[in-house]
Each structure stands twice: as structure tokens, then as C-alpha cells.
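Down below is the structure, laid out as C-alpha cells.
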2 protein chains.
Amino acid sequence: MRLSAKVEYAAIAAVELARRIGSPDPVRIRGICEAQGVPARFLVHILLQLKAAGIVASTRGAAGGYRLARPPEEITLDDIRRAVEGPGALVAPVTTELAPRSRVATVLATAWQEASDAESAALASIKLSDLAARCRGAGDTMYYI
Amino acid sequence: MRLSAKVEYAAIAAVELARRIGSPDPVRIRGICEAQGVPARFLVHILLQLKAAGIVASTRGAAGGYRLARPPEEITLDDIRRAVEGPGALVAPVTTELAPRSRVATVLATAWQEASDAESAALASIKLSDLAARCRGAGDTMYYI
DNA sequence: GCACTAATACTCGGATAAATGCTGTCCGAGTTATCATGG
DNA sequence: CCATGATAACTCGGACAGCATTTATCCGAGTATTAGTGC
């Protein structure tokens, strides 16, 4: 499993937004970048993708910024990854292309799919609320109910 | 989860070798390529990587070729993937680099690792012997030389 | 005090460019079985 | 029938080019808050 920098930045920003879920003011991009060390001009486009996916919402103008569009219990790392990397990516493009001619490729295509589903399920089980709670809580103690 | 063409080709070749485990003669690269539609000159380098990882063995010279170095029950798709893509790849390079400065990154790094471990475990549970059996079981029309 | 204007700070979104890795090819070298040839 | 050499087929391994994706950066435009100015 290899993550692109985009997904990593998106997750960092999303967790940062989840931590400030109580505040009425939207979070500015610069605020995230200065706290986490993320290139600002790059994060702009990433947040736009998260907005297009309905994960974050924004208010323009001065005193504008971003906030989560849904409660953090309903956002998983799998949502973020799919929002940024796009849903169109096939798991094993070469194998699926060869599948009609080769039974080996057919068998392998389903095997790759199984592993990919396991990975997606693992990512779907990690919610933003859990991650935000881990940031607040000290050590391994989870305060989130 | 996105697979590189190298890993896909390597898996196809490995299953093809597993299917012919009973034959005393080694399997030639051309034999795999003609049966499965894999570029030959590319597969050479892939098989060299599998050999370096101890997954396949080769005999040089005329009537040479490749065979599995271990019984197919002891080779998993995870072995093949790590042999080809290298073990040095970090799961989340950006996040781990930012971890010392950011608690958010630290929490995320472990979360990514959990998902990666789930994927690896899924791949490690799929053995070459299973895949070869699936090819035979459904009445494949491939001939043995 | 009020209306209006300018400045400011932020998001929006496309264009663009450097960097990196992936994909596949080419070529020469080394190794071994097979076959032809001569004794 | 046997020994020897030529030939062919195959693996070995690095070098390299073309292509696509990633990773940003830049710039102009839109939008809302805020400060300032004149009446």
C-alpha cells in the first residue's frame, strides 16, 4: 500500500478540522499549514477536492475558511482517500485486461480484489472522530464513547 | 490499492510456474509470454527480481528456464509483491516525516499502518497453491507441454 | 451617525512546469544442450 | 562408436528512452469583512 502525498495532506487537514469542530469560526488554510507543515498552495487544491466530495464546506471572503460538512463520526479515511484519488482507479488494470484470454489472470483478478476490499474495509473503520480523540487523549486512552 | 504492472506480471508468471510444478523441465519465458500475453523482455527483469528474492530458481543454457524455488504452499501474493516492489517503501512517507512535529501526523501514521497491515495480511493469506488449484478446478483449457 | 468606497484577506480554479517513477526495449555477455563432423 | 567443435537457445544484467503521474507553484478572478472617508 502506497499513499500519495495528496491523500496524506488531505487526511492531516481533515483531522485538523475535526479537532476544531466546536469552534464557530471556519479554519483558514494558513492555519493548517503553519501548524502541520503542509505547502499552502498545494493544500488549496486538495481542499477543493474534499469540498467537491462533500466532506468539507467553505465560506469565502475575509474571515472565511473551511469546516467539516458532516459530523466527524460519519467521515472515514476511506472517504478521504476516494475523494482525493478518485473512484475510477482499477485495482489491477493489466490483469483485468488479460482476464478474457487467460484463466490465470481471471483467478488473480479476484484475488487482488479480495485484498483491496480488505484494505478498504480497514480504512473505512477509522473515523475522523477517533483520530481527533486520539490527538486529544494522552497515550493509548480513548475518551471517545 | 493500486498495483504496478510489474507485480501483476510477476503474479501471473508465478501462478503459471505453480501450475506446472509437477513437470521436471523448467518453464521458458517465452512459454509464459505466449500463453498469457506478457511482454517477454519485460518479464525477464521481473523474474530476475523474483529469483533474487528466492521465490523462483533458474537453470541457464539451452533447455533452461524457471521453476519455483519453494513449494507453492509456502509462497503468498504478499511475498511476490514485496519481492518486486521492494521492502523499502514506506506506507506514508510525508506523514511519517511530519510526525515528530505534529501529533496529528503521529496519530495518522499509525492509522495508515493499521490499514496497510490489513492489506498485507489479506495478501499473505493467498497462497500460490490456492490460485493454481482454482485454475485447474474450473476446467481450464490450458495445455501442458 | 450614516452611506459609500477602498483595502484586505480569503477562497476558487485553471494553467503550467519540474520531478519522479513506471513501462518497456535494446544489447552484449555468459551458459548449456544439441547437432554435425571427422577420426 | 566416440570425441570435438560449432550452433542455437536460453538466462543474466545493466543501460536507456518514452510516457504518465505526481507534486507542486503561479496567477487572475470572485467574494466577503473591515477600515477609512465624506456628508
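What you are looking at is a predicted structure, and each value in this text was computed from that prediction instead of being measured.
OP1 or OP2 of dT11(D) has not a single side-chain nitrogen or oxygen of Arg28(B) nearer than 4.0 Å.
Under the side chain to side chain donor-acceptor pair (under 3.5 Å) criterion, Arg82(A) pairs with Asp78(A), not counting sequence neighbours.
Atom OG of Ser116(A) sits about 7.5 Å away from atom CD of Glu119(B), to the nearest 0.5 Å. Here the straight-line distance linking atom CG of Leu123(B) with atom CD of Glu114(A) works out to 9.5 Å at 0.5 Å rounding.
Not a single donor-acceptor pair under 3.5 Å links the side chain of Arg67(A) to the backbone N or O of Pro26(A).
When rounded to the nearest whole Å, the span between CZ of Arg30(A) and C1' of dT8(C) equals 12 Å. When rounded to the nearest whole Å, the span between CG of Leu48(A) and C1' of dA24(D) equals 15 Å. Here dT11(C) presents its P atom at 12 Å from CZ of Arg67(A), a figure rounded to the nearest Å. Residue Ile29(A) contributes atom CD1, which lies 15 Å from atom P of dA24(D) at whole-angstrom precision. Rounded to whole angstrom, the span from the OH atom of Tyr66(A) across to the P atom of dA9(C) amounts to 18 Å. In this structure, CZ of Arg81(A) is placed 17 Å from C1' of dT22(D), rounded to the nearest angstrom. As a whole-Å value, the separation of Leu50(A) CG from dC12(C) C1' is 15 Å.
Residues from residues 52-62 of chain A that place a heavy atom under 4.0 Å from any atom of DNA chain C, listed by number: Ser58(A), Thr59(A), Arg60(A), Gly61(A), Ala62(A).
Arg2(B) has no carboxylate O lying under 4.0 Å from a charged side-chain N of Glu8(B), or vice versa, which leaves the two without a salt bridge.
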Check nucleotides 20-25 of chain C for protein N or O atoms closer than 3.5 Å to its own N or O atoms and list the pairs.
residue	atom	partner	partner atom	Å
dT23(C)	OP1	Ala5(B)	N	2.9
dT23(C)	OP2	Ala5(B)	N	3.2
dT25(C)	O4	His45(B)	NE2	3.2

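Counting non-hydrogen atoms under 4.0 angstrom, Leu47(A) reaches nothing in the nucleic acid.
Heavy atoms from other residues, nucleotides or ligands lying under 6.0 Å from CD of Gln49(A) number more than 12. Within a 6.0 Å radius of CZ in Arg20(A), more than 12 heavy atoms belonging to other residues, nucleotides or ligands are found.
Residues Arg70(B) and Val56(B) form no side-chain contact, since every pair of their non-hydrogen atoms from C-beta on lies 4.5 Å or further apart.
At a cut-off of 3.5 Å, with distance as the only test, a side-chain donor of Gln36(A) or Ser102(B) sits close to an acceptor on the other residue.
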